[in-house]
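Source: prediction; values computed, not measured.
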Amino acid sequence: MAQSIIGQVHPVSITFFLLFVVSTLGITYWAAKRTRTTKEFYAAGRSITGFQNGLALAGDYMSAASFLGIAGLVSTKGYDGLIYSVGWLVGWPIIMFLIAEPLRNLGKYTFADVVAFRLKRMPIRTSAAAGSLVTVLFYLIAQMVGAGTLIKLMFGLPYEWAIIIVGCLMIAYVLFGGMLATTWVQIIKAVLLLGGATLLVIMTLSKFGFNYGALFGTAAEKYGPEFLQPGGLITSPIDAFSLGLALMFGTAGLPHILMRFYTVPDAKEARKSVFYATGFIGYFYILTVTIGFGAAVIVGKKVIMAIDKGGNMAAPLLAEALGGHVFLGFLAAVAFATILAVVAGLTLAGASALSHDLYVGVIRRGQSNENDEVKVAKLATIGLGVSAMLLGILFKGQNVAFMVGLAFAVAASANFPALVMSIMWKNFSTKGAVASIWTGLILATGLIIISPTVWVDVFHSKEKAAIEKQITESETQSKAKVEELEKAAADPKAISEEKAQLDAKKKEISAQMPKALFPLKNPGLISMGAAFLTGILVSLMSREPEAQEKFEKEKLRAYIGIGAE
Amino acid sequence: MSSTSFNYKEDPDFKKLTGQKSTISLVLTILELTFYFGFIGLIAFNKPFLSSMLTERITIGIPIAVGVIVMSWILTGIYVRWANNTYDVLVKKVRDKVEG
């Protein structure tokens, strides 16, 4: 393969990128004239169809990190990458069966509308906004840091510049074009990403006579049968279960995803949009996994890991190998667009929590006029956008991988339980909801700090690296010894003795590994369980007859849509 | 509410609608949980099964993982089909009664 141009500023990628920026800014200009009222700013005037919203939901959810990251994980770890990708899809059916229709029928702009439907406004708005903001902020920081790093890898642009460009563009989309512009940025991005990935898969499969078996077979020949088998990703079943819960129910508690259901005219379109979104996202993960295997075979693990240890450049490298500089440039621009769409959605969701839930719901006690609310929402957008840029720069070079996991844990523990209980359970009370939200929020955040993901990987990363180095060293030493013994045709006993010695030594070294205070990598199981339990217990102890009376009315609206916005 | 004369709480169509919706949501949610956590369970407790060869070149684990993705989508499709054919009809019936 010719020398890769990844990491250089290339005219093709710049052209594609400018094309995207110009057309999305054009759309923003068009949308700006249609974005005056709150309904237009937060919900695109409820004018989006189910199909369009399905694409936009997919555009909101498929991040550059998942596209490049999953392809990279598959290309370096094989089957384990596939396992990982499955977890990101399984929350969507849950949204469909439990959330989408009642959410659409009961709320106006945010999921807090639904929780506050029959409960006391002030305490609910405050706690729900806290849950939303924490989720959005962690997700946003992770995306910004990822954006800076990936753009630097791909375009060679300095990290800070990448952050500033992403930040300014996203502020422009949301500030002037509101939800309408954000939706179309997400739709365009989804079409580009799905189209680009499809093309890449077709080109990959054409090398194997459009036979998946041949692709997998070659991968197994090259990297051994283990490449197609589950490896070391799941070691502890409880760990896997806890992460699985956070991914599944966290998806159904992400404020920027939930907010999208208010952009469609009614519950029927909301339902349709989940069906389309699930299809697009599932298809996307299947493509991404294929790209990962293709990159492993066509580009090779070594080349991929030489450019980026985590394998993030697997998909761009494959594009370059198959379609040259033009295709690479196109894909790099698509990745940039992908980042923009996701951060714009997040910023809008954060701004609505600040303006709709906190400013109007709490500070103005529900009394505010349209103009004021839009103004505050726009100020919040600027504030959040600037904070996102500053935080992105502040966290440069930090390990932020845990932040997405944390965002999902908080969404699954603080947002999801309160939302689901307010829809389904008659005896749910204001105190119960507040207790549930804060329990989920504090436990998810607190436990992740003392979990292996932060306590060991972030706070004690140096000790961990030193111990891992020791282990690899003793492994190479012992390997050399075994080879020597084998060459000398030594007694097989001596060889097995050497191997046993290595195992003992490894155990000894591993024992010095810093221990986390909390054993699970993701706290989902405990924090979500506790949030449900607290919600139920506190509600039973603080009966709220008014809320119970309103439940029948809520049911009528949730199921039939009478009185829905 | 435009009509207070109609008692929807006791209306058989409304009861049928809420009952059916709860049942189908619950059944489909349990199915989805079973598929995903069943898959995770296999990885945790039966790696050899997932690692065994389906054909000469593909392990059983690959179609099973892709199957979880595809089944998730099919379940959402089943729900939409049911909602379009059954739920919407009942919704319209009750709506007409409420609005007189």
- Other residues, nucleotides, ligands: >12 heavy atoms within 6.0 Å of A:Tyr84 OH: no
- Item | chain B contacts, top residue of A:Val86, A:Val289, A:Leu215 (heavy-atom pairs, under 4.5 Å) | A:Val86
- Query: In Å and rounded to the nearest 0.5 Å, what is the CZ to CG distance from A:Phe249 to B:Leu33?
  - Reply: 5.0 Å
- Any donor and acceptor pair, going by atom type alone, linking the side chain of B:Ser51 with main-chain N or O of A:Gln229 inside 3.5 Å? no
- Message: Could you check whether atom CD of A:Glu546 has more than 12 heavy atoms from other residues, nucleotides or ligands sitting under 6.0 Å from it?
- Response: no
- Message: I'd like to know which of A:Gly282, A:Gly217, A:Pro230 tops the heavy-atom pair count under 4.5 Å against chain B.
- Response: A:Pro230
- Message: How long is the straight-line distance from CG of B:Leu17 back to OH of A:Tyr559, given to the nearest 0.5 Å?
- Response: 8.0 Å
- Message: I want to check something: taking the side chain as every heavy atom from C-beta on, are B:Ser72 and A:Trp92 in contact at a cut-off of under 4.5 Å?
- Response: no
- Item | Residue A:Met424 versus chain B: region with a heavy atom under 4.5 Å | neither
- Where on B:Tyr87 is there a heavy atom nearer than 4.5 Å to chain A: the side chain, the backbone, both, or neither? side chain
- Query: A:Ile286 versus B:Ile69: any side-chain heavy-atom pair under 4.5 Å?
  - Reply: yes
- Query: Does B:Tyr36 reach the main-chain N or O of A:Leu89 with its side chain, forming a donor-acceptor pair under 3.5 Å?
  - Reply: no
- Message: Just to verify, what does B:Asp11 make a salt bridge (Lys or Arg N to Asp or Glu O under 4.0 Å) with, not counting sequence neighbours?
- Response: B:Lys97
- Query: Would you call A:Ile281 and B:Trp73 a side-chain contact if the rule is heavy atoms closer than 4.5 Å?
  - Reply: no
- Inspect the surroundings of NZ in B:Lys93 and state if more than 12 heavy atoms from other residues, nucleotides or ligands are less than 6.0 Å away. no
- Item | Contacts of residues 270-280 of chain A with chain B (heavy atom under 4.5 Å) | A:Arg271, A:Phe275, A:Thr278, A:Gly279
- Query: Given the options B:Val66, B:Ile64, B:Asn84, B:Val94, which has more heavy-atom pairs under 4.5 Å with chain A than any of the others?
  - Reply: B:Asn84
- Looking at B:Met71, B:Glu56, B:Glu32, which one has more heavy-atom pairs under 4.5 Å with chain A than the rest? B:Glu32
- Note: vs chain A, highest number of non-hydrogen pairs under 4.5 angstrom among B:Ile62, B:Leu50, B:Leu42 is B:Ile62
- Check salt bridge (Lys or Arg N to Asp or Glu O under 4.0 Å) between B:Glu10 and all other residues, then give those that pass, not counting sequence neighbours. B:Lys15
- Query: Taking it one step at a time, do B:Ile43 and A:Ile83 satisfy side-chain contact (heavy atoms from CB on, under 4.5 Å)?
  - Reply: CA-CA 9 Å; B:Ile43 300 164; A:Ile83 299 174; 3.5 Å; yes
- Near B:Leu54 CG, under 6.0 Å, is it more than 12 heavy atoms from other residues, nucleotides or ligands? yes
- Any donor-acceptor N/O pair, B:Tyr79 side chain to A:Met96 backbone, under 3.5 Å: no
- Message: Go through it in stages, so that I can follow the logic: the residues are A:Phe216 and B:Thr59, the test is side-chain contact (heavy atoms from CB on, under 4.5 Å), and I'd like the CA-CA distance, side-chain angles, deciding distance and then a yes or no.
- Response: CA-CA 9 Å; A:Phe216 289 127; B:Thr59 51; over 6 Å; no
- Message: Please give me the minimum heavy-atom distance between A:Gly213 and B:Ile58, naming the atom from each residue.
- Response: CA-CD1, 4.0 Å
- Query: If you round to the nearest 0.5 Å, how far is CG of A:Leu556 from OG1 of B:Thr18?
  - Reply: 10.5 Å
- In this structure, CG of B:Leu31 is separated from CZ of A:Phe97 (nearest 0.5 Å) by 8.0 Å
- Message: Please check if the number of heavy atoms outside A:Lys222 that lie under 6.0 Å from its NZ is greater than 12.
- Response: yes
- What distance do B:Ile40 atom CD1 and A:Leu245 atom CG have between them, rounded to the nearest 0.5 Å? 10.0 Å
- Would you mind checking which part of A:Asn211 comes under 4.5 Å of any heavy atom in chain B, side chain (CB onward), backbone (N, CA, C, O), both or neither? side chain
- Residues at least two apart in sequence or cross-chain that pass salt bridge (Lys or Arg N to Asp or Glu O under 4.0 Å) with A:Lys268, listed by chain then number, are B:Asp88
- chain B shares the most heavy-atom pairs under 4.5 Å, among A:Ala214, A:Ala558, A:Ser85, with A:Ala214
- Item | B:Lys21 versus A:Pro102, closest heavy-atom pair with distance | NZ-CD, 4.4 Å
- Task: Hey, could you give me the CD1/OG1 distance between A:Ile94 and B:Thr76, rounded to the nearest 0.5 Å?
- Result: 11.5 Å
- Task: Give, as side chain, backbone, both or neither, the part of A:Glu101 having an atom under 4.5 angstrom from any heavy atom of chain B.
- Result: side chain
- Message: Which atoms of A:Tyr79 are under 4.5 Å from chain B, going by heavy atoms: the side chain, the backbone, both sets, or neither?
- Response: side chain
- Item | Residue part contacting chain A, namely of B:Thr55, when any heavy atom lies under 4.5 Å | neither
